[in-house]
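This report concerns only the one structure given below.
Whatever order the structure lists them in is the order used to number ligands and atoms, beginning at 1. Just so it is clear, the model here is predicted, and its values are computed rather than measured.
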Amino acid sequence: MANTKFIFVTGGVTSSLGKGIISASLAKLLQARGFTVSIQKLDPYINVDPGTLNPFEHGECYVTEDGAETDLDLGHYERFLNIYTSQANSVTTGRIYQEVINKERRGEYLGKTVQIIPHITDEIKRRVKLLSARGKYDFVITEIGGTVGDIESLPYIEAVRQFRWELKNRCMVIHLTLVPYLAASGELKTKPTQHSVKTLLEAGVQPDMLVLRTAQPLTSDIKIKVANFCNVQKEAVVESRDLSTIYEVPLEMQKEKLDEFVLSHFGITIGEKPQLKAWKDFLKKYKNPKRFIELALVGKYVDLKDAYKSINEAFIHAGAFCETKVKINYIQAEDVNEKSSQEFFKNIDGILVAPGFGHRGIEGKILAAKYARENKIPFFGICLGMQVAIIEFAQNVLNLEDANSIEMDRTCINPVISLMEEQKLVNEKGGTMRLGSYSCKLSKNSKAYKAYSSLKIKERHRHRYEFNNIYKEAFSKAGLIATGVNLETQLVEIIEIPKHPWFVGVQFHPEYKSTVINPHPLFVDFIKAAVDFKIKNKN
Ligand code: GLN
């Protein structure tokens, strides 16, 4: 970490200002200039990781290559930067305290009173430095979750204060706030920003730069006012307007010279402005689609779009690649029945059954798979979505009595989806699923092989249940075959119905690996199949 520069991104006034997107955009701009960058998220909640959180509470749980269950912001980092993150990029208060308490029990602080300062703050600083030690990055951007002034954020802000003191000019703080527009008086208000900077100052931290979220353009006067009242240069006040897509933010931040100010702060020569050609090409295609398709996403967390964040983004990447606008209709699985499926799916060009846990909505998901199979609508089942397609086929094609997943019915007569062997002795819930990247061998004559153009792939997982190999032959004879298998464990990773135009189920989560620059091949081929379906059905 000899020369690594540390940038901390804090937020004030309100949550959900998009610190993750601003951090990822800055990282993108620095990366485009040839610097090595990593981003980290520090989350102030006490869960050790978000793996045990309901998606309704916290949005999607994102999984890294090394099997860390993390905050969905890590997904943005990977999608923007086209790099892999790891456990080291995601830290929670729970993890910090767990480490300190374990050390205390081992006697590593023997004789000392263990306290928030210095022990918790030291552990926070260690986690930040750890990232730079591993990757030898030019920049480490650390996003601090929550809002300044929250009790739970205090140890993090204190750690930032100490960091600045220790590292002097190798450290920088960017503070993100909101400038609300009061329609009644027709004014933009800077007071919340001033107050939020004051709160940071009370904790001993003077921000070096302010990013102001606003729905209206900021005048030069407003920027000068904020600069004067918050002790920063005028150039350090950056406007961040609401945009139609998050993928425009790096370009807007480039216009606002966010990266240039950061470089000048560290005394680094600014150099030439990167063209960001591939990024701009992507945006151009995204904004000028040549065709339009409508897909159904059947799941049980559909009221909160963040619950399926990576799937939504994967459709944006693959849609742009195919120059196709993809509209997603979110369908509550519980609402799908024999009668309503006609209504829900009649104008749909492809059906995706989403990942998930537990029994709620399972009948609706099974019906969605059935509808896609019988009506030859392109079908994409992800994780639970694949398991549901198998259950449906067992019930309606193989006519297996009481076919189900052990997860839904422990005592079913035909458990076509069973608990993985290694899961049988697992009692604890946190971090105990089959997690992270595993390899998979594809069959040559499969839709999966056609998509990937490779026989060996690696994808990320997050599940406890698996296809029950006892039934493999029966399925195969009836026309549902395993086209992707993990050769070490014989776990079925992909199933297909070759007679169907495009019916693919995957036990892994392809959505986690889709990025702007590398759209995921299965999402691309699913969209292509949906386009074909639409063309055929219109004629
Ligand atoms: N609940 C299923 C399992 O644990 C599927 C998990 C998922 O969709 N991520 O196997």
Side-chain angles (χ1 to χ4, degrees), residues 49-56 58-65 67-70 72 75 297-302 304 306-312 314 333 351-366 368-369 379-392 394 403-410 412 415-438 440 459-469 471 482 484 486 489-495 504-514 520 522:
D49 61 47
T52 52
L53 281 170
N54 187 324
F56 272 133
H58 199 71
E60 167 189 280
C61 171
Y62 186 77
V63 178
T64 57
E65 281 290 291
E69 294 177 285
T70 73
L72 57 78
L297 185 153
V298 183
K300 67 174 181 176
Y301 311 115
V302 289
L304 182 76
D306 269 2
Y308 300 113
K309 192 85 198 165
S310 293
I311 293 180
N312 299 341
I351 297 176
L352 183 144
V353 176
F357 295 85
H359 186 270
R360 187 167 68 81
I362 202 75
E363 276 83 21
K365 292 181 182 178
I366 292 174
F379 173 86
F380 196 9
I382 299 183
C383 208
L384 182 62
M386 164 180 126
Q387 298 176 355
V388 154
I390 291 167
I391 297 168
E392 189 280 315
N404 212 330
S405 161
I406 291 279
E407 182 181 7
M408 313 306 157
D409 180 359
R410 295 233 152 256
C412 63
V416 287
I417 305 294
S418 55
L419 192 61
M420 280 184 277
E421 206 45 48
E422 75 226 41
Q423 288 288 328
K424 290 195 173 145
L425 295 172
V426 172
N427 287 318
E428 285 197 11
K429 289 273 184 273
T432 54
M433 282 187 249
R434 179 177 181 238
L435 290 166
S437 184
Y438 287 91
C440 165
E459 292 283 3
R460 300 182 198 171
H461 299 71
R462 184 172 187 252
H463 64 120
R464 294 186 201 280
Y465 297 87
E466 61 167 325
F467 177 70
N468 187 343
N469 273 328
Y471 297 93
N486 178 299
T489 54
Q490 294 308 311
L491 283 182
V492 170
E493 306 280 28
I494 308 178
I495 57 105
V504 178
V506 292
Q507 186 57 78
F508 48 80
H509 292 262
E511 68 274 21
Y512 293 144
K513 278 176 86 167
S514 176
H520 195 284
L522 287 176

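Counting only heavy atoms of the protein, atom 10 (O) of ligand 1 lies nearest to Tyr465 N, 2.9 Å. Summary of contacts: the protein heavy atom closest to atom 7 (C) of ligand 1 is Cys383 SG, 2.9 Å. Of all protein heavy atoms, the one closest to atom 9 (N) of ligand 1 is Arg462 O, 3.0 Å. Of all protein heavy atoms, the one lying nearest to atom 4 (O) of ligand 1 is Arg464 N, 3.0 Å.
Side-chain contact between Arg460 and Glu65 is present, with at least one heavy-atom pair separated by less than 4.5 Å. Ser418 is listed as a side-chain neighbour of Glu466, based on a closest heavy-atom distance under 4.5 Å.
Contact annotation: for His509 versus ligand 1, heavy atoms closer than 4.0 Å belong to the side chain alone. Counting heavy atoms under 4.0 Å from ligand 1, residue Glu407 touches it through the side chain alone.
The aromatic rings of Phe508 and His461 stand perpendicular to each other, their planes meeting at an angle above 60°, with 30° marking the opposite boundary.
With Asn486 contributing its side chain and Leu491 its backbone, the two residues share no donor-acceptor pair below 3.5 Å.
Below 3.5 Å of separation, one finds an N or O of Gly356 facing an N or O of ligand 1. At least one N or O atom of Gln387 sits closer than 3.5 Å to an N or O atom of ligand 1. Of the polar atoms of Leu384, at least one N or O is found under 3.5 Å from an N or O of ligand 1, judged by distance alone.
Residues meeting the side-chain contact (heavy atoms from CB on, under 4.5 Å) test with Ala333, sequence neighbours left out: Val298, Lys365. Contacts of Phe357 classified as side-chain contact (heavy atoms from CB on, under 4.5 Å), with partners at least two apart in sequence or in another chain: Glu407, Met433, Arg462.
Salt bridge absent: Lys429 and Glu69 never bring a charged side-chain N and a carboxylate O closer than 4.0 Å.
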